[in-house]
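This one's a predicted model, so the numbers in the text were calculated from it and none came from an experiment. Residue numbering restarts at 1 for every chain, and letters A, B, ... go by the order of the sequence lines.
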There are 2 protein chains.
Amino acid sequence: MQISSRFTIAIHMLACMETFKDEYKVTSDFLADSINVNPVVIRRILSQLRDAGLVQVKRGTGGAAAAKPLKEITFLDVYRAVECIENNTLFHFHENPNMDCPVGKNIHNILDDKLVRVQEAMERELKAITLEEVMDDLKTVTDNGR
Amino acid sequence: MQISSRFTIAIHMLACMETFKDEYKVTSDFLADSINVNPVVIRRILSQLRDAGLVQVKRGTGGAAAAKPLKEITFLDVYRAVECIENNTLFHFHENPNMDCPVGKNIHNILDDKLVRVQEAMERELKAITLEEVMDDLKTVTDNGR
DNA sequence: CATTTTTGTAACAATTACTATTACATCTTT
DNA sequence: AAAGATGTAATAGTAATTGTTACAAAAATG
């Protein structure tokens, strides 16, 4: 199972907000046009980002913008904001192993710390990447011949 | 989205095969009883593990066993055997960004190598854990007062 | 060789998550 | 009051996961 596109959409949204913040009012329709998804999808993700304190959204007049400097927003922040993983565990465990079997009785405990290690490795890398990096790369490619 | 329970079930299966290989014939019904899922679920995963060269399954007479020493089977081997991730990419990308937008046009390329880094961090950790470690831990807990 | 046990797999259902879409109440400015 | 946005509920379609029944095919055994 893949991680849902909400994650890459959210990053795309933040990159758009930053890129166009001085030129346009960045509304959900504006974002929907760049990302090419339904505006309601944008608004749902916008709400999740707002609840996580990553963006500010203006009601009535409209428009969204990052709530803090992009170098302070990591991929992990975005991931946690939009990806609702049950119990915050990446791996789904089979629920009812047989407690009368020595393997079934102990497998959960034994695997747990190993799977946490894997999840932490992934989250450590997510945390090491900031939205600022994305903006830097974006500026590089848009400056050189588009 | 969580990684499916096929992964932890597969590890449980291999741990069972190794634990009981001398005492019992380890059939799909036997495994289903320890793991507490339907035998057909077991057989499906067994086929995937067989196709990946991780186990050998006897038809007719029945029984499954690891195809190589457990210290040579990593969590990554098992993960790849049972988890069918599209294009081998952990992150699902939104498909049709707007090519007329400077962000939409470049976001995919810019994100790709960053997301690969995350996936590699995860796979590196999966590769560092072997089934032998699971067996060692299992022996430790079953020796000391069960 | 027939029987028995087991694997391999198809078929179907139930559940869940994701994504798209319509509709509309609510908020804020003008 | 009107206009333009957001927030959110409701619904539908699709896909993946898991459970289950059913049965053909394989292999050992008497």
Over how many whole Å does the gap from [X] atom [atom1] to [N] atom [atom2] extend?
| X | N | atom1 | atom2 | result |
| --- | --- | --- | --- | --- |
| B:Gln56 | D:dA26 | CD | P | 19 Å |
| A:Gln48 | D:dT6 | CD | P | 16 Å |
| A:Asp33 | D:dA5 | CG | C1' | 16 Å |
| B:His92 | C:dA17 | NE2 | C1' | 12 Å |
| A:Met1 | C:dC18 | CE | P | 8 Å |
| B:Ile3 | C:dA17 | CD1 | P | 16 Å |
| B:Ile42 | C:dG8 | CD1 | P | 13 Å |
| B:Ile9 | D:dG19 | CD1 | P | 6 Å |

Seminar exercise, completed: On DNA chain D, more 5' by nearest nucleotide between B:Lys58 and A:Lys58 is A:Lys58
Exercise. OP1 or OP2 of C:dT7 less than 4.0 angstrom from a side-chain nitrogen or oxygen of B:Ser47, does that happen here?
Worked result: no
Problem set entry | Salt-bridge contact A:Glu120-A:Arg117 (side-chain N to carboxylate O under 4.0 Å) | no
Holding to side-chain hydrogen bond (donor to acceptor under 3.5 Å, both in side chains), I want the full list of residues that pass it with [X], two or more places apart in sequence or in another chain.
| X | value |
| --- | --- |
| B:Ser47 | B:Arg50 |
| B:Gln48 | none |
| A:Arg80 | A:Glu123 |
| B:His94 | A:Thr8, A:His12 |

Exercise. Choosing from D:dT18, C:dT9, C:dC18, which nucleotide comes nearest the side chain of A:Glu83?
Worked result: C:dC18
Problem set entry | side chain to side chain contact (heavy atoms under 4.5 Å, CB included) involving B:Asn38 - partner list, sequence neighbours excluded | B:Val40, B:Val41
For this session: Name all residues meeting the side chain to side chain contact (heavy atoms under 4.5 Å, CB included) criterion together with B:Asp137; count only those two or more places apart in sequence or in a different chain, and write none if there are none.
Result: A:Ile110, A:Lys114
Problem set entry | Under 4.0 Å protein heavy-atom contacts per nucleotide of nucleotides 21-30 of chain C, with B for base, S for backbone only and - for none | BBB--BBS--
Problem set entry | Sole candidate of B:Ile3, B:Thr89, B:Leu90 that passes side chain to side chain contact (heavy atoms under 4.5 Å, CB included) when paired with A:Gln2 | B:Thr89
Solution key, residues 52-74 of chain A side-chain donor-acceptor pairs under 3.5 Å, sequence neighbours excluded:
| from | atom 1 | to | atom 2 | distance (Å) |
| --- | --- | --- | --- | --- |
| A:Thr74 | OG1 | A:Leu76 | N | 3.3 |
| A:Thr74 | OG1 | A:Asp77 | N | 3.1 |
| A:Thr74 | OG1 | A:Asp77 | OD2 | 3.2 |

For this session: Pull out every residue in residues 10-32 of chain B that has a heavy atom closer than 4.0 Å to any atom of DNA chain D, ordered by number, or say none.
Result: none
